[in-house]
Amino acid sequence: MLSLLYQEGPSTEGIFRRSGSAKTCKELKEKLDSGAEVDLACESIFVTASLFKDFLRNIPGSILSSQLCDKWVSVMDQGNNEEKIKNIQRLIEQLPRANVVLLRYIFGVLHGIEMRSEENQMNAFNLSICIAPSLLWPPVSSTPDIESEFTKKISSLVQFLTENCCRIFGEEITSLFGEI
């Protein structure tokens, strides 16, 4: 999935913003969940993007860990960009290794898409609005006002992560997919 998003996402206007066919997504998810072979290259890239966001939303406790939710929410209120980067790196060190590996690939994809935002209309802000709710959610349900404020803060964090991914995850993030 990520490889396809890395290949096609940068040249696709509105990637992650437009949804794939709900029926197709449901059918493919059922096939994937059953372990059946699925050739996503034959599907719309919007279906792949929708499936990927659904996958992220189904990670127990979220990829950024709902246990660290308060720390993630407050990181953008702390100091200058250098301090934010250091605090983010400390939080990343507290995540399970599998989450960190997946985050590096996710932000490698988002970076590639952002680099061609004039073509695809998906700058870091737009990407963050679409992806942030799939990366972290509060551990308990709350009022719509609190959830709205939470979403704004997490979107700001994801925008910062996207814009600074090379400094946070390392320059090699741009070559994780090799020469595709």
Atom pairs and distances, donor-acceptor, side-chain atoms in residues 44-53, under 3.5 Å, two or more places apart:
unit_1 : atom_1 : unit_2 : atom_2 : d
S44    : OG     : F46    : N      : 3.0
S50    : OG     : G20    : N      : 2.9
S50    : OG     : F46    : O      : 3.0
K53    : NZ     : F16    : O      : 2.8

Mind checking whether [X] and [Y] have side chains closer than 4.5 Å, heavy atoms only?
{"X": "C42", "Y": "D39", "answer": "yes"}
{"X": "P10", "Y": "M115", "answer": "no"}
{"X": "H111", "Y": "T162", "answer": "no"}
{"X": "T12", "Y": "E119", "answer": "no"}
{"X": "V158", "Y": "F107", "answer": "yes"}
{"X": "M122", "Y": "S117", "answer": "no"}
{"X": "L91", "Y": "L95", "answer": "no"}
{"X": "L110", "Y": "E114", "answer": "no"}

Interatomic distance, [X] atom [atom1] to [Y] atom [atom2] [nearest 0.5 angstrom]:
{"X": "S65", "Y": "K71", "atom1": "OG", "atom2": "NZ", "answer": "10.0 Å"}
{"X": "R57", "Y": "L135", "atom1": "CZ", "atom2": "CG", "answer": "10.5 Å"}
{"X": "L161", "Y": "I92", "atom1": "CG", "atom2": "CD1", "answer": "6.0 Å"}
{"X": "I113", "Y": "Q121", "atom1": "CD1", "atom2": "CD", "answer": "13.5 Å"}
{"X": "I173", "Y": "C165", "atom1": "CD1", "atom2": "SG", "answer": "4.5 Å"}
{"X": "L136", "Y": "L56", "atom1": "CG", "atom2": "CG", "answer": "12.0 Å"}

Original post:
What do the steps show when you test Q89 against E93 for side-chain hydrogen bond (donor to acceptor under 3.5 Å, both in side chains), and what is the final call?
Top reply: CA-CA 6 Å; Q89 288 171 327; E93 289 171 3; over 6 Å; no
Subject >> Salt bridge K31-E27, side-chain N to carboxylate O under 4.0 Å >> reply: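 Here K31 does not pair with E27 in a salt bridge, since their nearest N and O are not under 4.0 Å apart.
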Subject >> Charged N-O contact under 4.0 Å between E13 and R18 >> reply: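 No salt bridge links E13 with R18.
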Original post:
Is the CD atom of E172 crowded by more than 12 outside heavy atoms at less than 6.0 Å?
Top reply: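 Yes, CD of E172 has more than 12 neighbouring heavy atoms, counting only those of other groups under 6.0 Å.
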Original post:
Crowded around F150 CZ? As in, over 12 foreign heavy atoms under 6.0 Å?
Top reply: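 Buried by this count: over 12 neighbours within 6.0 Å.
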Which one of [options] satisfies the side-chain contact (heavy atoms from CB on, under 4.5 Å) criterion with [X]?
{"X": "L102", "options": "V100, I106, N99", "answer": "I106"}
{"X": "V75", "options": "N87, D70, I85, L68", "answer": "N87"}
{"X": "N80", "options": "E83, Q78, K84", "answer": "E83"}

**OP:** May I ask whether W137 and F55 are part of the same hydrophobic cluster, defined by side-chain heavy atoms of I, L, V, M, F, W, Y residues being less than 4.5 angstrom apart, directly or through others?
**Re:**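 Hydrophobic grouping puts W137 apart from F55.
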Original post:
T151 side chain to E147 main-chain N or O, any donor-acceptor pair under 3.5 Å?
Top reply: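 Such a contact is found between T151 side chain and E147 backbone.
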**OP:** Evaluate the side-chain contact (heavy atoms from CB on, under 4.5 Å) criterion for residues C25 and D54: first the C-alpha distance (whole Å), next the side-chain angles of each, then the deciding distance (0.1 Å), finally the verdict.
**Re:** CA-CA 9 Å; C25 288; D54 181 71; over 6 Å; no
**OP:** Take I88 and W72, measure what side-chain contact (heavy atoms from CB on, under 4.5 Å) needs, and give me the verdict at the end.
**Re:** CA-CA 8 Å; I88 287 168; W72 283 115; 4.1 Å; yes
Original post:
What are the two closest heavy atoms between N126 and R17, and how far apart are they?
Top reply: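 In this case the closest contact between N126 and R17 is ND2-NH2, 3.3 Å.
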Original post:
Taking the six-membered ring for Trp, is the centroid-to-centroid distance between Y105 and F177 below 6.0 Å?
Top reply: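 Close enough - the centres of the two rings lie under 6.0 Å apart.
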